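Taking it in order: structure first as structure tokens, then the write-up.
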Amino acid sequence: SIMYASWQNGALNRSDNYGQNFKGIRAADGGAWITPFQVSPLNHRMIVAGYKAVFLSGNMGDNWNQISPELTPDGWLTEIAFAPSEDKYIYVSGGSSLWGTKDRGESWDLLSKNLPNLYIEDIIVSPSEPDKVWVCLSGYSEEEKIFVSEDGGKNWSNYSTGLPNVPVNSMTINRLSNYALYAGTD
């Protein structure tokens with residue numbers, strides 16, 4: 001019965017009646033063209049949204065708390081992902097920068113220092129390992145499409161072997177396996 005919808009520049013809405021009526025639940029002014037948000041896979045009342053900072057609601061968007069500093073003062077956050085097995089882990093990106101928290105926003109680490117300087121298009125977290133995260137990158141840099149970290153973003157391995165030299169815009173993971181990853185390209 002609960003539905004969420006977003007549209008340009010940060011607008012977020014929630015319906016409590018199968019989409020017949022919507023209530024605005026915007027966390028901040030502005031936002032990316034497609035502002036990232038995600039409902040916790042472990043608590044349907046918890047939602048996180050990215051603007052220039054990250055905001056968290058424990059009551060389906062009725063109230064919000066800013067849980068990060070401004071991570072992108074010159075732009076907007078564009079991707080966000082909870083770890084499916086541990087919703088204290090949140091990963092966010094804006095442009096070529098990636099940040100993560102393992103304590104639901106008490107502290108944030110810049111995780112993109114060892115990644116190519118390319119636009120991050122998507123973030124996927126392992127269904128069972130919150131420190132295992134994949135990012136896919138835009139652009140036409142040969143062999144720089146998907147990277148994986150097994151330690152929460154401290155170290156990265158190139159996962160691009162065999163992919164064509166086109167931007168990778170999205171990914172999904174087979175929920176029955178931690179390692180079957182599908183990439184969506186241009």
Side-chain angles (χ1 to χ4, degrees), residues 4-12 25-28 30-41 46-57 61 64 66-102 104-105 108-127 129-139 141 144-149 152-154 156-160 163 166-173 175 181-186:
Y4 294 93
S6 69
W7 68 86
Q8 70 232 25
N9 302 322
L12 292 176
I25 60 167
R26 179 190 294 261
W33 182 253
I34 301 173
T35 296
F37 75 94
Q38 189 177 38
V39 177
S40 165
M46 186 183 302
I47 183 171
V48 65
Y51 292 83
K52 288 182 184 275
V54 180
F55 292 82
L56 180 76
S57 173
W64 294 92
Q66 184 175 329
I67 62 168
S68 79
E70 272 197 12
L71 299 172
T72 56
D74 297 326
W76 302 104
L77 294 171
T78 54
E79 300 297 328
I80 199 161
F82 272 116
S85 63
E86 177 53 75
D87 62 13
K88 290 182 180 179
Y89 282 64
I90 305 168
Y91 297 91
V92 299
S93 70
S96 62
S97 296
L98 176 73
W99 298 269
T101 180
K102 296 181 179 186
R104 204 173 287 135
W108 289 87
D109 294 311
L110 180 64
L111 306 175
S112 50
K113 292 177 259 185
N114 297 319
L115 287 171
N117 189 24
L118 296 169
Y119 193 91
I120 297 170
E121 290 284 357
D122 202 359
I123 306 166
I124 298 288
V125 185
S126 165
E129 301 170 67
D131 281 316
K132 187 168 188 174
V133 59
W134 291 266
V135 295
C136 66
L137 307 174
S138 186
S141 295
E144 293 184 335
K145 307 301 174 194
I146 297 176
F147 287 78
V148 62
S149 174
K154 291 179 189 156
W156 294 93
S157 299
N158 195 330
Y159 205 73
S160 307
L163 292 174
V166 295
V168 176
N169 300 314
S170 62
M171 300 176 292
T172 192
I173 194 167
R175 298 290 177 201
L181 185 74
Y182 299 89
T185 64
D186 270 4

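It should be emphasised that the depicted structure is a prediction, and the values quoted were computed from it without experimental measurement.
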Minimum heavy-atom distance between V133 and G153, given as atom pair plus value: CG1-N, 4.4 Å
Heavy-atom closest pair, residues W108 and I90: CZ3-O, 3.9 Å
For the residue pair W64 and F55, does the interplanar ring angle fall in the parallel (under 30°), tilted (30 to 60°) or perpendicular (over 60°) class? perpendicular
So for atom CG, which belongs to N117, do other residues, nucleotides or ligands contribute more than 12 heavy atoms lying within a distance under 6.0 Å? no
Without swapping roles, check the side chain of K154 against the backbone of L111 for a donor-acceptor pair under 3.5 Å. no
Please test K102 against D131 for salt bridge (charged side-chain N to carboxylate O under 4.0 Å, His left out), starting from the C-alpha separation and ending with a verdict. CA-CA 9 Å; K102 296 181 179 186; D131 281 316; 3.0 Å; yes
Taking all non-hydrogen atoms of both residues, which atom of N9 and which atom of R26 are closest, and how far apart? O-NH1, 2.9 Å
Could you verify whether a donor N or O on one side chain and an acceptor N or O on the other, from D122 and S170, lie under 3.5 Å apart? no
Okay, side chain of S138, backbone of E121: is any donor-acceptor separation there less than 3.5 Å? no
Measure the acute angle between the ring planes of Y91 and Y89, then classify it against the limits of 30° and 60° as parallel, tilted or perpendicular. tilted
Show the numbers, then the answer: is there a side-chain contact (heavy atoms from CB on, under 4.5 Å) between L137 and I120? CA-CA 5 Å; L137 307 174; I120 297 170; 3.7 Å; yes
As a quick check of understanding, evaluate side-chain contact (heavy atoms from CB on, under 4.5 Å) for W99 and V54, giving each step before the final call. CA-CA 10 Å; W99 298 269; V54 180; over 6 Å; no
Which atom pair, heavy atoms only, marks the closest approach of A53 to Q66? CB-NE2, 3.5 Å
Check: S112 side chain, L98 main-chain N or O, donor-acceptor pair, under 3.5 Å: yes
